[in-house]
Amino acid sequence: MAGEAIRVLDDKCVGCTLCVKACPFDAVAMIEVEGAAGAKKRRLARIDLARCTLCGACVTACKFDAIEMTEKAAAPAADLGAYRNVWVFAEQHDGEIQSIAYELLGEGRKLADALGAELWAVLLGAEIAGKASELTARGAQRVLVADRPELAYFQDEPYAAVLADMARRHRPAVLLCGATTVGRSLVARVAVALNTGLTADCTGLAIDPATKDLLQTRPAFGGNIMATIVCPHTRPQMATVRHKVMKEAVADPARQGRVVAEEIAEALLKSRTRRLRFVPEVETTVNIAEADIIVSGGRGLQKPENFAVIRELAEVLGAGVGASRAAVDAGWIPYSHQVGQTGKTVCPKVYFACGISGQIQHLAGMSSADVIVAINKDPEAPIFRVATYGVVGDLLKIVPLLSATLRRSLGK
Amino acid sequence: MHIVVCIKQVPETADVRINPETNTLMREGVQSIINPFDMYAIEEGVRVKEKTGGRVTAISMGPPQAEAALREAVAMGVDAGVLISDRAFAGSDTWATSYTLAMAIRKLGDVDLVLCGKQASDGDTAQVGPGIATQLDLPQITYVRKIEELEAKRVVAERLLETGFESVEAPLPCLLTVVKEINEPRLPSLKGKMAARKAQIPVWTAADIGADPARIGLQGSPTKVVRIFTPPPRQGGEILRGEPEAIVPRLAEKLRGVLVGG
């Protein structure tokens with residue numbers, strides 16, 4: 001096994017199987033080997049390198065220091081010290097800066113302070129420069145503005161080219177972006193172009209006090225495990241963050257910052273793709289990815305007309321309307337409302353699951369909500385295991401009653 | 001037209017359970033499946049072929065057992081599968097993965113359309129599709145819910161956005177990532193299953209695709225996992241039982257704080 005990136009030190013392994021249990025990839029198994037003459041058979045751990053992703057979970061789990069991971073020689077480090085500030089990509093639609101940008105500024109401020117660096121925002125759009133003050137008011141010390149008609153709305157290639165170009169010239173240490181459709185499509189291109197790392201959907205960000213690296217924590221396997229990821233040898237350290245995970249920076253109009261109009265080379269603005277038309281969705285009143293409150297309906301609604309009770313409660317609360325896969329597959333509501341593994345991942349303050357049993361694929365999309373309210377007639381439904389408040393009963397009675405009660409008590 | 005579909009073998013999430021005592025993943029008997037989003041990519045590739053002619057090649061980067069995923073793709077109507085497998089790929093992050101798949105697509109030669117699922121259900125990053133497009137300098141349309149038009153040198157597709165959808169035109173070759181709404185994957189036909197059994201699935205190593213050793217696997221990955229842990233399991237809360245008239249006011253009272261505060 002010599003020369004492999006990870007190996008079990010047989011003289012230290014006691015066959016306890018802690019590593020087998022810790023492996024998220026099913027890559028560790030026990031084998032039996034003959035002991036010395038007369039001695040009992042020994043059990044030893046063996047790592048299947050075809051499955052191993054070198055995540056190090058077994059190394060941490062082993063109480064006997066019996067698993068050794070050799071970090072290969074680091075790639076020649078670029079001059080990392082030249083990369084200083086914390087950047088936030090300020091996503092805008094139709095000239096309106098999206099709330100995710102303010103959430104990133106809130107988090108970016110903490111990171112910039114921990115690094116002793118500045119917090120900058122990057123704003124791409126057309127006739128957009130006037131909006132930069134909304135970013136400085138929320139703590140951006142500098143706003144780099146690319147104000148060009150070609151950047152009016154998101155187009156993958158020019159946006160990626162302009163952002164990568166700015167990063168090459170100004171060298172940020174950290175670049176944060178929303179884990180939105182736009183953000184995920186954009187920065188995945190930028191990271192490859194800059195030959196640097198990108199971590200998706202972070203729920204926790206911090207600066208390692210010793211190395212000053214960005215510690216990026218994110219869920220994987222539908223939230224069943226969490227991983228902390230670093231990008232030690234390249235810059236910028238790039239991460240996307242989901243909506244509603246970080247706290248919005250509060251605006252203070254007294255705050256000042258520099259707004260810098262960036263020179264944009266024509267070549268960067270070329271796009272091979274072309275938007276032919278944009279069709280807003282009529283059904284959505286509140287975008288569930290951004291919603292503070294979501295009311296979701298599932299199979300328990302029995303028929304599409306009954307979504308009316310879900311919509312009513314959503315209307316009372318100013319909430320978004322979500323749905324389980326079962327309701328979407330039945331054609332009761334468009335796919336854009338689906339919450340869960342093959343739909344959207346949401347992170348509201350309050351999530352109402354009405355007539356949703358709570359299959360693991362659904363839980364993967366909503367279990368990070370602060371408060372979960374489950375209404376279901378089956379007391380054994382798995383949704384009750386994650387619910388903050390569970391109501392066992394007929395949702396067609398309970399939800400309208402709840403709407404009426406809350407309408408009164410919230411004075412709406 | 002040559003269509004390439006990139007697929008990944010993932011653990012069936014429905015089977016992944018946490019052992020409440022040890023707080024670790026219980027992997028016993030966990031089945032491997034094709035990433036759900038990749039099923040839509042396979043189906044769309046086969047539909048395009050049926051409509052416009054041409055051939056579909058599925059590629060997968062993974063351990064030797066990922067060959068099963070490629071055979072399943074063949075059973076669904078894909079013409080050929082190639083497994084990209086090498087110990088040197090272990091530890092690849094999305095950068096190294098997109099580089100590796102891009103090198104394999106280069107080796108395939110004339111490719112008009114690359115299809116990927118929106119994201120994989122185990123990593124959930126949605127980064128590899130755009131990463132491949134950038135590595136190959138291809139235009140991309142992500143989150144595609146419908147291919148509206150497809151001609152020899154041009155594609156028009158509907159991209160799903162948070163606030164609606166947009167119709168986007170791109171020249172070929174182009175890379176698309178697809179969402180669930182795009183189609184309903186078929187079940188393999190008997191003929192397909194026979195083809196899958198007989199299919200030769202070549203294995204391409206790092207050397208076969210001409211990959212730069214410094215850009216693959218752990219070495220080629222800018223990101224490193226430093227810690228893996230299980231989140232504290234969410235505790236079940238309070239269950240309210242009784243007549244709706246009695247419990248709804250109690251629930252409303254409990255929620256008042258969070259709803260107003262929110």
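Letters go in sequence order (proteins before strands), and every chain restarts at 1. None of these values were measured; they are calculated from a predicted model.
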Nearest heavy-atom contact between B:Pro249 and A:Thr405 is CA-CG2, 4.4 Å

B:Phe37 versus chain A, the contacting section by heavy-atom distance below 4.5 Å: side chain

Report which part of B:Val156 has an atom under 4.5 Å of a heavy atom belonging to chain A: side chain, backbone, both, or neither. side chain

Quick test of your reading: applying salt bridge (charged side-chain N to carboxylate O under 4.0 Å, His left out), list the pairs with at least one residue in residues 187-196 of chain A, sequence neighbours left out, ordered by first then second residue. none

Please list all pairs passing the salt bridge (charged side-chain N to carboxylate O under 4.0 Å, His left out) test where one or both residues lie in residues 142-151 of chain B, with sequence neighbours left out. A:Arg277-B:Glu148, B:Arg145-B:Glu158, B:Arg145-B:Glu181, B:Glu149-B:Arg154, B:Glu151-B:Arg154

What part of B:Tyr99 gets within 4.5 angstrom of chain A, counting heavy atoms only: side chain, backbone, both, or neither? neither

Please tell me if the side chains of A:Pro280 and B:Thr163 come closer than 4.5 Å, counting only heavy atoms from C-beta onward. no

Minimum heavy-atom separation for B:Thr134 to A:Ala193, with atom names? CG2-N, 4.1 Å

Just wondering, do A:Val328 and B:Lys180 contact through their side chains at under 4.5 Å, heavy atoms? yes

Check each atom of B:Thr94 against the heavy atoms of chain A and say whether the ones under 4.5 Å are side chain, backbone, both or neither. side chain

Any side-chain heavy atom of A:Thr217 sitting closer than 4.5 Å to one from B:Arg227? no

A:Asp370 vs B:Val258 side-chain heavy atoms within contact, under 4.5 Å: no

Check each atom of B:Asn35 against the heavy atoms of chain A and say whether the ones under 4.5 Å are side chain, backbone, both or neither. neither

Tell me the closest heavy-atom pair linking A:Ser185 and B:Pro130, and the distance in Å. O-CB, 4.1 Å

Residue part contacting chain A, namely of B:Leu138, when any heavy atom lies under 4.5 Å: backbone

Heavy atoms of B:Trp95 and A:Thr196 approach each other most closely as CD1-O, 3.4 Å

Could you check whether any side-chain heavy atom of B:Gln135 comes within less than 4.5 Å of a side-chain heavy atom of A:Val192, counting everything from C-beta outward? yes

Is any side-chain heavy atom of B:Arg159 less than 4.5 Å from a side-chain heavy atom of A:Asp156? yes

Side chains of A:Thr181 and B:Leu160: closer than 4.5 Å at any heavy-atom pair? no

Quick one: does A:Glu290's side chain get under 4.5 Å of B:Glu162's, heavy atoms only? no

Pairing of A:Asp213 and B:Lys224 as salt bridge, 4.0 angstrom limit: no

